[in-house]
Protein chains: 2
Amino acid sequence: MAVTIRDVARRAGVSVSTASAALNNKPFVSPQTRARVLQAALELNYHVNRMARNLAMGRTFQIGLLIPALLEHTFSASHFFNQLMRGIYGACRPEDYSLVLFAVENEDDLTRQMTHWAHGRSVDGFIITHPTWEMPYREVLEQSGLPYVVIGRPPDKDASRVLFVDNDNVQVAYDATAYLLARGHRRILFVNGPSRYTYAHDRNEGYRRALHTYGVPVDERLLVEAELTFVDGYRVVDALCGQVTFSAVVVLNPMQALGVMHALAKHGCRVPEDVAAITTDCEMAKYMHPPLTAVDIQPYQLGYHAATILLQLLAGEPTAPRIIPHALVERASTRRMVAQAHR
Amino acid sequence: MAVTIRDVARRAGVSVSTASAALNNKPFVSPQTRARVLQAALELNYHVNRMARNLAMGRTFQIGLLIPALLEHTFSASHFFNQLMRGIYGACRPEDYSLVLFAVENEDDLTRQMTHWAHGRSVDGFIITHPTWEMPYREVLEQSGLPYVVIGRPPDKDASRVLFVDNDNVQVAYDATAYLLARGHRRILFVNGPSRYTYAHDRNEGYRRALHTYGVPVDERLLVEAELTFVDGYRVVDALCGQVTFSAVVVLNPMQALGVMHALAKHGCRVPEDVAAITTDCEMAKYMHPPLTAVDIQPYQLGYHAATILLQLLAGEPTAPRIIPHALVERASTRRMVAQAHR
DNA sequence: CACCTGAATCGAACCGTTTCGATAACGGTT
DNA sequence: AACCGTTATCGAAACGGTTCGATTCAGGTG
């Protein structure tokens, strides 16, 4: 049926093993022979059968990609994961690795799935884009012996054993907060993510350090937690608006930010005139009224380097966790204030 | 190293072929034997080696997924494709098929890639989520003999030969337009997608039919084309605003819609007081000022049924193209007008 | 009791590669 | 002319399953 390497070998007048060597650019095959084999392959329209190759080599050149995004509906998350995937794809493509999707529908199912895939050697490794560290399937992973890279820093106790890629989230929050402090803001609301995410701790820390640097005391009422949703961002700010005053808000998630903006609007706070706002970047941030100043955490880079690390691991090269730099993008949601601070 | 079916067979005291039969729930294997084999497999923590299985069976239980989205940055597209992928995944998962990603970085590279993958039998079939029909790689596909399903209707000349899933785009545009007409609007701007997409023709048709139904003459100046971007949506409406009058706008792409809204705002047109607006649905539409009335084209369903069709094809069952229904979601961007129509 | 039938099991071939130890060919030394 | 070391090629054994024709065995029948 399909044309096999045997057909190529026959046509080129060489043995199968020589044909294989020629096709795989192995040394020790004479230029003429190689040319003959390549020619024959071309004429017969030969393409290596990956299934056979995989079996013989014991690897699939496939990477499993764990994405909670398939579960979530929020478009900001979609965009984040989309960028992440682009980065991962960008790194894998040149190395001829391809990506297999695993969705986190529910943990049990995922664990079962992973068990089959990991032990069944369907993929050579995994990239985990799951932001929390409650991973029941981690055990499965470890046990299977397949290499994996996590996007997002694991808790300290695991961080040394696990390869990961992440931003410096202490610094992310520090920079966002310090930016506002530098412009005169003193009462800064910080809407953090749920504490089950490791980055939430780091960002909390960063916020505090920034205030400390500027000699501003921490008002615990200005530190709130919310789920990464529109509704919850809305909820916390709505609840706070009568209670405490603030002249700026740091909300490092686009979806929450959207909710926060709505809550502010409802309470008659204009941005940036009454309250300055800063968030993490996302396509949408550009298009809002006003366009939002944001920290670009570079999801493409996160993905790209996660994949690079995994590929290095697979190639037997030495690797290490990697911190991706972030950048502040100045837009219209933070303005003036230097003069009329301390409202 | 890893535990093979031979180990299981030995432990269960049966032959390899019997073990295989037992593990695969084949008939003609006695209950006791099956139990023994399963028990042995459990004890040894046996998992079938997919690579070997693939080779032996000549199929991979993998589906190639072509996504232009990895190329695009627009978050509305991200969201759309995210939903699409969720649907596809939702259909494939229960059948134990998994998804392999192919990104359309550039057509040449993609074609080369597909050639390898299709001929190399890395996947059992493809799902193409590429909205245009200029597919240089289609030839490769046909030639490889692998089944595929397209999301989006091919041009008429091909539609009968190709399996696809799509909305009834004539009806989508008809419904959106008729909705406005029913509320008294007579001058309705229609911002369409580029004509290289087959759906753009259909939607144009739908718009005209709706006007015809209501006995409203078509003003060609109110029919414009724009790329599926924020900037281009902005551009066309900005250019039009001084020239022609309209009391409503139909713009069936969220990204364009965003641009259109900005252009309207710039020209002092309030929505819905001065101009009513209707778009296709997207998470974001809910959260805009005002929340946008929209046609939900059900991307999840599109994906789900595309996958279902492909799986049927792979199972040798009869299949047919499928039209996914849409639904109008009423929100705040279309209001009143019945009284003070004909401005 | 020999024969037949059908259910359960077995053995071996096969899927299409890669890999590795063995072999052949060849030019250069002694 | 025998020997040696390279260099290029070959043959056969994996890789770990599935499949299918052959075989065994038990029970029923003439």
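Quick caveat, the model's predicted, so the values are computed rather than measured.
Atom CG of B:N49 and atom C1' of D:dG17 are 7 Å apart (whole Å). Atom-to-atom, CZ of B:R59 to P of C:dC15 comes out at 18 Å; the value is rounded to the nearest Å. Taking atom CE of B:M57 as the reference point, atom P of C:dA13 lies 22 Å away to the nearest angstrom. Taking atom CZ of residue A:F28 and atom P of nucleotide D:dG5, one finds them 16 Å apart after rounding to whole Å. As a whole-Å value, the separation of A:I5 CD1 from D:dC10 P is 12 Å. Regarding B:R6, its CZ atom lies at a distance of 14 Å from the P atom of C:dC10, rounded to whole Å. If you measure from atom CG of B:N54 to atom C1' of D:dG17, you get 10 Å, rounded to the nearest angstrom. The CG-C1' distance, from A:N25 to C:dT17, rounds to 17 Å in whole Å.
Using a 4.0 Å heavy-atom distance criterion, B:V14 is classed as a sugar-phosphate-only contact.
With hydrogens and angles ignored, the 3.5 Å screen pairs no side-chain donor or acceptor of B:R322 with any backbone N or O of B:L163. Within the 3.5 Å criterion, the main-chain N or O of B:M51 finds no donor-acceptor partner in the side chain of A:N54. Remark: side-chain polar atoms of A:N24 are paired, donor with acceptor, to backbone N or O of A:S20 under 3.5 angstrom.
For B:S15 and C:dC10, the shortest distance from a side-chain N or O to OP1 or OP2 is below 4.0 Å. Side-chain nitrogen and oxygen atoms of A:K26 include none within less than 4.0 Å of the OP1 or OP2 phosphate oxygen of D:dA8. Listed pair A:S17 / D:dA12 fails the phosphate criterion, with no side-chain N or O lying under 4.0 Å from OP1 or OP2. Within the structure, every side-chain polar atom (N or O) of A:T33 is placed at least 4.0 Å from both OP1 and OP2 of D:dA8. For the pair B:N24 and D:dT18, the criterion of a side-chain N or O lying under 4.0 Å from OP1 or OP2 is met. Side-chain N/O atoms of A:S20 include one lying less than 4.0 angstrom from OP1 or OP2 on C:dT18.
Between B:G13 and A:V48, the residue whose closest nucleotide on DNA chain C is further toward the 5' end is B:G13.
Ring geometry for A:H119 versus B:H47: interplanar angle under 30°, hence parallel rather than tilted (30 to 60°).
Side chain B:R53 to base D:dG16: no donor-acceptor pair is found below 3.5 Å.
Of the candidate nucleotides D:dT18, D:dG17, C:dA8, C:dA8 has the atom lying nearest to any side-chain atom of B:S30. Side-chain proximity of B:T18 to D:dG16, C:dT9, C:dT17: nearest is C:dT9.
When all heavy atoms of B:F164 and B:A159 are compared, the closest pair comes out as CE2-O, 3.9 Å.
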